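Below, each value reflects all heavy atoms present in this structure, side chains not excepted, and no hydrogens, waters or symmetry copies. Note that the structure is a prediction, hence the values are computed from the model and not measured.
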Amino acid sequence: QVQLVESGGGLVQAGGSLRLSCAGSGRTFSSLYMGWFRQAPGKEREFVARISSNGQNTHYADSVKGRFTISRDSAKNTVYLQMYSLKLEDTAVYFCAGSRSVVAGIWPPEYDYWGQGTQVTVSS
């Protein structure tokens with residue numbers, strides 16, 4: 001069983017930066033395809049970024065491309081989401097997710113494990 005715990009959320013002004021972390025437990029964490037999703041109030045959960053198990057392949061939603069960077073540290077069993085130039089519309093609860101599939105896409109049902117989420121609030 002894999003457990004995922006996010007941290008690093010908070011309140012930041014527009015234009016600011018935050019780095020989210022997702023710490024994973026379990027022997028299989030390094031083999032998981034990992035993703036970040038977010039959910040704003042009244043909206044569906046949406047894809048933000050994903051990274052392959054070896055860290056060599058990444059993919060971003062158009063809305064965050066060029067501003068967010070996903071990475072992973074296998075030695076620490078941790079996946080990161082570095083966020084720059086934050087906008088008001090980035091306000092949401094951010095979730096990390098892990099998939100046992102060799103390749104996972106942008107849809108939440110493709111992911112098997114989920115963290116509890118961390119709140120990111122961008123203020124003007």
Side-chain angles (χ1 to χ4, degrees):
Q1 184 71 7
V2 174
Q3 291 186 326
L4 304 175
V5 180
E6 302 98 334
S7 61
L11 175 64
V12 62
Q13 286 191 325
S17 302
L18 278 176
R19 189 178 79 157
L20 306 183
S21 299
C22 172
S25 63
R27 292 178 294 175
T28 61
F29 179 83
S30 62
S31 67
L32 297 178
Y33 209 103
M34 297 297 296
W36 283 97
F37 292 77
R38 65 187 182 186
Q39 188 166 16
K43 295 187 176 181
E44 293 188 351
R45 193 167 297 189
E46 67 172 2
F47 165 77
V48 175
R50 60 186 175 133
I51 187 167
S52 58
S53 58
N54 62 9
Q56 293 185 355
N57 296 302
T58 58
H59 174 228
Y60 299 91
D62 288 343
S63 59
V64 307
K65 198 173 296 182
R67 300 188 298 121
F68 290 12
T69 300
I70 188 171
S71 62
R72 67 192 299 165
D73 186 334
S74 296
K76 296 182 178 180
N77 270 9
T78 301
V79 175
Y80 302 99
L81 186 69
Q82 178 68 57
M83 305 184 293
Y84 296 104
S85 302
L86 284 161
K87 304 177 180 179
L88 297 179
E89 52 264 40
D90 294 319
T91 294
V93 177
Y94 283 71
F95 299 89
C96 71
S99 174
R100 295 192 299 263
S101 300
V102 174
V103 178
I106 67 171
W107 304 108
E110 297 182 74
Y111 292 78
D112 304 291
Y113 308 105
W114 290 85
Q116 82 289 349
T118 185
Q119 176 71 48
V120 172
T121 303
V122 183
S123 65
S124 58

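Residues satisfying the side-chain hydrogen bond (donor to acceptor under 3.5 Å, both in side chains) test with Ser7, not counting sequence neighbours, are none. Taking the salt bridge (charged side-chain N to carboxylate O under 4.0 Å, His left out) definition, one finds that Arg67 meets it with Asp90, sequence neighbours left out. Applying the side-chain hydrogen bond (donor to acceptor under 3.5 Å, both in side chains) test to Arg72 and every residue at least two apart in sequence or in another chain returns nothing. Here Asp73 pairs with nothing under the salt bridge (charged side-chain N to carboxylate O under 4.0 Å, His left out) rule; sequence neighbours left out. Residues passing the ring-ring contact (aromatic ring centres under 6.0 Å, His included) test with Phe95, sequence neighbours excluded: none. Every residue two or more places apart in sequence or in another chain that forms a side-chain contact (heavy atoms from CB on, under 4.5 Å) with Ser63 is listed here: Arg38, Ala61. Remark: Thr121 pairs with Leu11, Thr91, Gln119 by the side-chain contact (heavy atoms from CB on, under 4.5 Å) rule, at least two apart or across chains. Every residue two or more places apart in sequence or in another chain was checked for a side-chain hydrogen bond (donor to acceptor under 3.5 Å, both in side chains) with Lys43, and none qualifies. Under the side-chain contact (heavy atoms from CB on, under 4.5 Å) criterion, Gln3 pairs with Ser25, not counting sequence neighbours. Listed by chain and residue number, Ser99 satisfy the side-chain contact (heavy atoms from CB on, under 4.5 Å) test with Ser101 (two or more places apart in sequence, or in another chain).
Put simply, the side chain of Glu6 gets close to the backbone of Gly117: a donor and an acceptor are under 3.5 Å apart. Listed for the Tyr111 side chain is a donor-acceptor partner under 3.5 Å among the backbone atoms of Gly105.
Considering all non-hydrogen atoms of both residues, Glu110 and Ile106 come closest at OE2-N, 3.3 Å. Scanning both residues, Ala92 and Ala40, for their nearest heavy atoms gives CB-N, 3.8 Å.
Taking the side chain as every heavy atom from C-beta outward, Phe47 and Pro108 never approach each other to under 4.5 Å.
Judged by the 6.0 Å and 45° rule, Arg45 forms no cation-pi pair with Trp107.
Its side chain within the 4.5 Å cluster rule, Val122 clusters with Val2, Leu4, Val12, Leu18, Leu20, Phe29, Leu32, Met34, Trp36, Val48, Ile51, Tyr60, Val64, Phe68, Ile70, Val79, Leu81, Met83, Leu86, Leu88, Tyr94, Tyr113, Val120 among the Ile, Leu, Val, Met, Phe, Trp and Tyr residues.
Neither Val93 nor Tyr80 shares a network with the other; the hydrophobic side chains, linked directly or stepwise wherever heavy atoms of I, L, V, M, F, W or Y lie under 4.5 Å apart, form separate groups for each.
Taking CG of Asn57 as the start and OH of Tyr33 as the end, the distance is 5.5 Å to the nearest 0.5 Å.
Sorted by first and then second residue, the disulfide bond (SG atoms under 2.5 Å apart) pairs with a member in residues 3-122 read Cys22-Cys96; sequence neighbours excluded.
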Intermediate values then yes/no, side chain to side chain contact (heavy atoms under 4.5 Å, CB included), Thr28 and Gln1: CA-CA 8 Å; Thr28 61; Gln1 184 71 7; over 6 Å; no
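The number of heavy-atom neighbours closer than 6.0 Å to CD of Gln13, taken from other residues, nucleotides and ligands shown, is 12 or below.
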